[in-house]
Asks: 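Mind looking over this structure? Questions follow.
Computed from a prediction, not measured in an experiment: that's the story for all the values here. First listed ligand is number 1; within each ligand, the first listed atom is number 1.
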Amino acid sequence: MNHKKEPCPLFSRDEIAAAVNKLSIEIGREYRGKCPLLIGVLKGSFIFMADLIRSLDFPLEVEFIEVSSYGSSRKSSGRVRMIKGLTAKVTGRHILVVEDIVDTGITISFLIDYIKKKRPASLKLCALADKPARREVPLSVDYLGFTVPDKFIVGYGIDWDEKYRYLPDICYLEDE
Ligand code: PRP
């Protein structure tokens, strides 16, 4: 399927900065003094994670995990492929998973099961964007930036077929 060349803006970089700031205040209330381990889900979360941790003014640790369920398709395959697992110790730690976008929920529910097996002290989810219209696995986001419509979202780390991650705003692709 083809797309318009120009992605349409949905949330500006200023709106994103305000949302990240608000999230950092909420996260600080819960995690200050607990030295949480923030686990970013690659690749999509890399820009959000970088901005979020620089808004958090207390000691924390950072880890990344990489999974893929979309490949080059616009539709989730329904199967999650683990590309890079965890190396940091999770048992007994306060874990905050940092996702770019929750769509069907298949990726994050797979990751929550994977991390739960390692017996963390607590486990919560922070997502930049949530697209509840497409949910297949029921789950809620503990710390959420934006609810987005049922459109293909790109920018600020989020791709379509590895493209558009560099866009500073959150945008959507309109079908032609
Ligand atoms: C995207 C996104 C989430 C997942 C959400 O990842 O980053 O991890 O899909 O979709 P779901 O809720 O339907 O599972 P993708 O597989 O495209 O990999 P990427 O992070 O490398 O872009």
Asks: Answer yes if the side chains of Asp100 and Tyr156 hold a donor-acceptor pair under 3.5 Å, and no otherwise.
Replies: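 No, no side-chain donor-acceptor pair sits under 3.5 Å.
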
Asks: Taking only heavy atoms of Ser68 into account, list the atoms of ligand 1 that are under 4.0 Å away from them.
Replies: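 Result: 16 (O).
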
Asks: Is there a side-chain contact between Lys151 and Lys131, using heavy atoms and a 4.5 Å cut-off?
Replies: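 No, every pair of side-chain atoms sits at 4.5 Å or beyond.
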
Asks: Gly44 to ligand 1: N or O pair under 3.5 Å?
Replies: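 Yes - when backbone and side-chain N and O of Gly44 are compared with those of ligand 1, one distance drops under 3.5 Å.
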
Asks: Does only the side chain of Glu162 get under 4.0 Å from ligand 1, or the backbone, or both, or neither? Count heavy atoms.
Replies: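 Neither part.
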
Asks: Would you check whether Leu42 reaches within less than 4.0 Å of ligand 1, judged by its heavy atoms?
Replies: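 Within the 4.0 Å threshold, so yes.
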
Asks: Applying a 4.0 Å heavy-atom criterion (strictly less than), which segment of Thr104 is in contact with ligand 1: side chain, backbone, both, or neither?
Replies: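 Near ligand 1, Thr104 shows its backbone as well as its side chain.
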
Asks: If you count the atoms of ligand 1 from 1 in the order shown, which ones are under 4.0 Å from a heavy atom of Asp159?
Replies: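 Listed by number with element, the hits are 17 (O), 22 (O).
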
Asks: Decide whether an N or O pair under 3.5 Å exists between Gly105 and ligand 1.
Replies: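 Indeed, backbone or side chain, Gly105 has an N or O that close.
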
Asks: Quick one: do Arg135 and Asp130 make a salt bridge, cutoff under 4.0 Å?
Replies: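 Salt bridge between Arg135 and Asp130, a charged N being under 4.0 Å from a carboxylate O: yes.
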
Asks: With rounding to the nearest 0.5 angstrom, report the OG to CG distance, Ser24 to Leu52.
Replies: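 The CG atom of Leu52 is 7.0 Å from OG of Ser24, to the nearest 0.5 Å.
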
Asks: Show which side-chain atoms of residues 112-120 pair as donor or acceptor with protein atoms under 3.5 Å away, not counting sequence neighbours.
Replies:
| from | atom 1 | to | atom 2 | distance (Å) |
| --- | --- | --- | --- | --- |
| Tyr114 | OH | Leu86 | N | 3.3 |

Asks: Provide the number and element of each atom of ligand 1 under 4.0 Å from a heavy atom of Glu99.
Replies: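 Once the distances to Glu99 are compared, the set is 3 (C), 7 (O), 8 (O).
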
Asks: Can you list every ring-ring contact (aromatic ring centres under 6.0 Å, His included) pair that touches residues 6-38, not counting sequence neighbours?
Replies: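 Sorted result for residues 6-38: Phe11-Phe146.
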
Asks: Can you tell me if Glu66 has a non-hydrogen atom under 4.0 Å from ligand 1?
Replies: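 Glu66 does not count as a contact of ligand 1 under the 4.0 Å cut-off.
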
Asks: Within the side chain of Asp169, is there an N or O that forms a donor-acceptor pair under 3.5 Å with the backbone of Pro9?
Replies: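 No; zero donor-acceptor contacts below 3.5 Å.
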
Asks: For Ile101, counting its heavy atoms only, list the atoms of ligand 1 lying under 4.0 Å from any of them.
Replies: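 Within the 4.0 Å cut-off of Ile101, ligand 1 contributes 2 (C), 3 (C), 4 (C), 5 (C).
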
